[in-house]
Amino acid sequence: MSAQLSESVIWHPTIGRTAFDLPRLDCKIIHGKPYESGVTQTRIPHRPGTGGKPIEGITPETTGCREITYSLFEIAPLAEDGPVHIHEHETSGYVVSGKLALLWGNSLEHYEVAEAGSFVFVPPGVPHFIDNPSDTEPCAVLLTRYVTETDSTAVILPDMERLRKQKRELHRRAATEAAN
């Protein structure tokens, strides 16, 4: 198969195997600043359930990208990226600073805290919830995910919210007891 070039569409290995053609995009550099923990605007307390705040990144809004996002998110101390939800895409992350708590599973039966230097993976269709368990330090995480034209980003699971609150409180109490 030869590469076919036109002004608006380029040949791509997915053409013919997917339902859309990819428009030609330009290379872009999103100039940012080195991340300094606690210096960003997200140090301002979040309203619960409003999630992490993007700092910088490669997104459809900044570059026109159609298949991936790669962004730095910060979650303020004790803030949460809720409610419980699922995605139709894979998500992976790298914890730059702070701690990221991940609660996941069909009954939210799994809980783990990722500290700076940890990698996190959430497969599609897995109910999950993340928050920052620290009461003093923001959590910064580099997130990358596959994005499609039909991706609604998240499907909220309101029936799991009561269970999430119970599980979250149990884990917070356990962490407090372990620290004492």
Side-chain angles (χ1 to χ4, degrees), residues 10-23 25 28 30 35 42 46-76 79-133 138-172:
I10 62 169
W11 179 85
H12 188 273
T14 62
I15 290 178
R17 290 189 255 159
T18 62
F20 60 93
D21 292 340
L22 300 174
L25 297 174
K28 291 192 179 176
I30 306 302
Y35 178 76
T42 60
H46 291 36
R47 281 183 306 129
T50 60
K53 302 298 179 197
I55 307 300
E56 317 247 10
I58 305 298
T59 66
E61 294 77 24
T62 61
T63 66
C65 61
R66 301 184 70 122
E67 296 189 34
I68 62 165
T69 65
Y70 184 63
S71 301
L72 178 63
F73 278 81
E74 186 177 77
I75 303 173
E80 50 190 48
D81 182 36
V84 178
H85 58 280
I86 59 174
H87 301 277
E88 61 183 47
H89 56 256
E90 295 176 331
T91 299
S92 62
Y94 175 77
V95 181
V96 175
S97 68
K99 296 179 181 181
L100 177 76
L102 176 63
L103 182 62
W104 81 95
N106 289 332
S107 299
L108 300 178
E109 64 273 20
H110 305 286
Y111 177 84
E112 192 169 352
V113 175
E115 297 190 18
S118 299
F119 291 88
V120 178
F121 174 71
V122 178
V126 174
H128 65 282
F129 171 83
I130 61 172
D131 70 8
N132 179 351
C139 171
V141 60
L142 284 169
L143 289 178
T144 187
R145 61 181 70 157
Y146 177 78
V147 177
T148 67
E149 291 180 339
T150 61
D151 186 7
S152 61
T153 303
V155 176
I156 306 302
L157 303 173
D159 295 344
M160 297 186 83
E161 272 304 286
R162 196 173 97 223
L163 178 61
R164 177 200 57 90
K165 290 176 183 176
Q166 291 170 349
K167 298 271 185 163
R168 185 175 186 228
E169 186 56 34
L170 284 173
H171 293 296
R172 292 240 167 149

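- Panel note: side chain Thr144, backbone Ser92; no donor-acceptor pair is recorded below 3.5 Å.
- Every salt bridge (Lys or Arg N to Asp or Glu O under 4.0 Å) that Glu169 has, sequence neighbours left out, goes to Arg173.
- Residue Leu100 holds its CG atom at 13.0 Å from OH of Tyr94, rounded to the nearest 0.5 Å.
- In this structure, Arg168 and Phe129 have side chains that are in contact, with non-hydrogen atoms separated by less than 4.5 Å.
- Shown here for Ala114 and Val95, the closest heavy-atom pair between the two residues is CB-CG2, 3.9 Å.
- Contact annotation: the side chain of Thr69 never approaches that of Leu143 to less than 4.5 Å [non-hydrogen atoms, C-beta and beyond].
- In this structure, the side chain of Asn132 engages the main chain of Ala76 through a donor-acceptor pair within 3.5 Å.
- Using a 4.5 Å heavy-atom threshold, the side chains of Pro124 and His87 count as separate.
- To the nearest 0.5 Å, the span separating CG on Asp131 from CG on Leu103 amounts to 8.0 Å.
- For Glu112, there are no salt bridge (Lys or Arg N to Asp or Glu O under 4.0 Å) partners, not counting sequence neighbours.
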For residues 159-166, run the donor-acceptor check on the side chains, cut-off 3.5 Å, and write out each pair with its distance to 0.1 Å, sequence neighbours left out.
residue, atom, partner, partner atom, Å
Glu161, OE1, Arg164, NE, 3.0
Glu161, OE1, Arg164, NH2, 2.8
Glu161, OE2, Val84, N, 2.8
Glu161, OE2, Arg164, NE, 3.2

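- Dense packing is recorded around OH of Tyr111, with more than 12 heavy atoms of other residues, nucleotides or ligands lying under 6.0 Å away.
- In this structure, Asn106 and Pro127 have side chains that are in contact, with non-hydrogen atoms separated by less than 4.5 Å.
- With Glu61 contributing its side chain and Thr59 its backbone, the two residues share no donor-acceptor pair below 3.5 Å.
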Starting from the C-alpha separation in whole Å, work towards a yes-or-no answer on side chain to side chain contact (heavy atoms under 4.5 Å, CB included) for Val141 and Ile130.
CA-CA 11 Å; Val141 60; Ile130 61 172; 5.8 Å; no

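- Ring orientation note: the planes of Trp104 and His110 are close to parallel, at an angle under 30° on the 30°/60° scale.
- Atom CG of Leu108 is separated from atom CG of Leu102 by 10.0 Å, given to the nearest 0.5 angstrom.
- Within a 6.0 Å radius of NZ in Lys99, other residues, nucleotides and ligands contribute 12 heavy atoms or fewer.
- Within the 3.5 Å criterion, the main-chain N or O of Val126 finds a donor-acceptor partner in the side chain of His128.
- When all heavy atoms of Ser97 and Ala116 are compared, the closest pair comes out as CA-CB, 3.8 Å.
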